[in-house]
Amino acid sequence: IELSGVRKNNAVLDIAGGTGDLAARFAELVGPEGRVVLADINDSMLQVGRDKLLDQGRQGNIEFVQADAQFLPFPDNSFDCVTIAFGLRNVTDKGQALASMQRVLKPGGRLCVLEFSKPIYQPLEKVYDFYSFKLLPRMGEIIARDRASYQYLAESIRKHPDQQTLKQLILEQGGFDEAEVHNLSGGIVALHRAFKY
């Protein structure tokens, strides 16, 4: 949230934001004159976010749109900030999605991609692999009775580009002018922030 640079009267697009957690916080920051669009390709997730935010009494400056990140249904130069948290790894054509995000950003706008990434410390990587491929699927099986979804989660994280590869993808295929990486939790999660000039 802090690195997004979002402020009063901004227009924010939160992609793959189904649960509405980020959208709720952005709605507070942009104020009543600002605009937040909560977008998700999955209508069921979008309903969850909508219901949750309505139950909290939030709705005035939040819109809900079912949208594919690769084909965003918004005019060029519409948003001051575009965010996607833990959703890019599930997009089929990441380069196309990033270019679509760049297109809808206003000049001077910012993209924030929060995603699982590659640990930057060797000992942490081994522990993380053990957790991801051994413990996580087993916990999913015991708690949620759904080993396959948690196995997919671990596999999708490993198939996702590492920090530098994603940075290059943002610049080259996304068409952004500048990008930077902020590693969190030793690189298990990374925030990529990019700018359109």
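Small disclaimer: the values here were computed from a predicted structure and weren't measured.
- Centroid-to-centroid, the aromatic rings of F176 and F195 stay 6.0 Å apart or farther.
- Side-chain contact check for E155 and Q151: at least one donor-acceptor pair (N or O, by modelled atom type) lies under 3.5 Å.
- Closest approach of V181 to A190, counting heavy atoms only: CG1-CB, 4.3 Å.
- Minimum heavy-atom separation, R103 to F74: NH1-O, 2.7 Å.
- For the residue pair A154 and S132, the shortest heavy atom distance occurs at CB-O, 3.3 Å.
- With D40 contributing its side chain and Q66 its backbone, the two residues share no donor-acceptor pair below 3.5 Å.
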> Are S100 and Q70 close enough, and set up right, to give a side-chain hydrogen bond (donor to acceptor under 3.5 Å, both in side chains), and what steps lead you there?
Replying inline: CA-CA 6 Å; S100 187; Q70 299 168 117; over 6 Å; no
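- Linking ILVMFWY residues whenever their side-chain heavy atoms come closer than 4.5 Å, directly or via other members, places L53 and V6 in the same cluster.
- A heavy-atom distance below 4.5 Å is not found between the side chains of N10 and L29.
- The NZ atom of K118 sits 14.5 Å away from atom CG of L166, with the distance rounded to the nearest 0.5 Å.
- Using a 4.0 Å cut-off between a side-chain N of Lys or Arg and a carboxylate O of Asp or Glu, D21 and K52 qualify as a salt bridge.
- A distance of 6.5 Å separates OG of S117 from CG of D162, quoted to the nearest 0.5 Å.
- Looking only at distances, no side-chain donor or acceptor of Q173 sits under 3.5 Å from a matching main-chain atom of A99.
- Annotation: side chain of L184 is in contact with side chain of L114 (closest heavy-atom distance under 4.5 Å).
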>> The test is side chain to side chain contact (heavy atoms under 4.5 Å, CB included); show your working for E33 and K8 and say whether it passes.
In response: CA-CA 8 Å; E33 303 301 316; K8 285 209 177 304; over 6 Å; no
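- A 6.0 Å sphere centred on CD of Q56 holds more than 12 heavy atoms belonging to other residues, nucleotides or ligands.
- Heavy-atom minimum distance, G31 versus N61: O-ND2, 2.7 Å.
- Smallest separation of non-hydrogen atoms from K167 and A179: CE-O, 3.1 Å.
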>> With side chain to side chain contact (heavy atoms under 4.5 Å, CB included) as the criterion, how do L169 and Q164 come out once you've worked through the C-alpha distance, each side chain's angles and the decisive distance to 0.1 Å?
In response: CA-CA 9 Å; L169 190 65; Q164 291 309 311; over 6 Å; no
> Are D129 and R158 close enough, and set up right, to give a salt bridge (charged side-chain N to carboxylate O under 4.0 Å, His left out), and what steps lead you there?
Replying inline: CA-CA 9 Å; D129 281 345; R158 289 310 180 276; 2.4 Å; yes
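- No single ILVMFWY cluster, assembled from side-chain heavy atoms under 4.5 Å apart, contains both L38 and V104.
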>> Working note: Q163 + N183, criterion side chain to side chain contact (heavy atoms under 4.5 Å, CB included); need CA distance, chi angles, decisive distance, verdict.
In response: CA-CA 8 Å; Q163 290 91 322; N183 286 305; 2.7 Å; yes
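- In terms of modelled atom types and a separation under 3.5 Å, the side chain of N42 and the main chain of S44 share a donor-acceptor contact.
- Around NZ of K196, the count of heavy atoms belonging to other residues, nucleotides or ligands within 6.0 Å exceeds 12.
- Both cation-pi conditions hold for R50 and F64: the charged atom is under 6.0 angstrom from the six-membered ring centre and inside a 45 degree cone around its axis.
- Proximity of a side-chain donor or acceptor of R193 to a complementary backbone N or O of S4 within less than 3.5 Å is not detected.
- The distance from atom OG of S185 to atom CZ of F116, rounded to the nearest 0.5 Å, is 9.5 Å.
- Side-chain atoms of R147 do not come within 3.5 Å of backbone N or O of I142 as any donor-acceptor pair.
- Between V30 and N9 the shortest side-chain heavy-atom distance does not fall below 4.5 Å.
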>> For L124 and I188: C-alpha separation, side-chain torsions, deciding distance, then whether side chain to side chain contact (heavy atoms under 4.5 Å, CB included) applies.
In response: CA-CA 9 Å; L124 180 59; I188 290 173; 4.2 Å; yes
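- No donor-acceptor pair under 3.5 Å is formed between the side chain of R145 and the backbone N or O of G140.
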>> Evaluate Y152 against D146 for side-chain hydrogen bond (donor to acceptor under 3.5 Å, both in side chains), listing each step before the verdict.
In response: CA-CA 10 Å; Y152 165 77; D146 186 2; over 6 Å; no
> Given the rule in the side-chain hydrogen bond (donor to acceptor under 3.5 Å, both in side chains) test, do Y150 and E141 qualify, once you have shown the distances and angles that lead to the verdict?
Replying inline: CA-CA 8 Å; Y150 290 85; E141 182 178 25; over 6 Å; no
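- Residues L98 and L13 fall within the same hydrophobic cluster, defined by Ile, Leu, Val, Met, Phe, Trp and Tyr side chains chained together at heavy-atom separations under 4.5 Å.
- Nearest heavy atoms, R110 versus G108: NH1-O, 3.5 Å.
- Interatomic distance, I170 CD1 to K94 NZ, rounded to the nearest 0.5 Å: 12.0 Å.
- V113 and L3 are not part of a single hydrophobic cluster, where members link through side-chain heavy atoms under 4.5 Å apart.
- I84 contributes atom CD1, which lies 11.0 Å from atom CG of L22 (distance to the nearest 0.5 angstrom).
- Remark: side-chain polar atoms of E115 are paired, donor with acceptor, to backbone N or O of L88 under 3.5 angstrom.
- Residues L135 and I157 share a hydrophobic cluster, clusters being chains of Ile/Leu/Val/Met/Phe/Trp/Tyr side chains in contact below 4.5 Å.
- A distance of 6.5 Å separates CG of D14 from CZ of F26, quoted to the nearest 0.5 Å.
- Checked for salt-bridge contact, R35 and E63 meet the test: a charged N lies under 4.0 Å from a carboxylate O.
- Under a 4.0 Å N-O distance rule, the pair R7/D80 does not qualify as a salt bridge.
- When each of T83, V82, N77 is tested with F79 by the rule side-chain contact (heavy atoms from CB on, under 4.5 Å), just one qualifies, namely V82.
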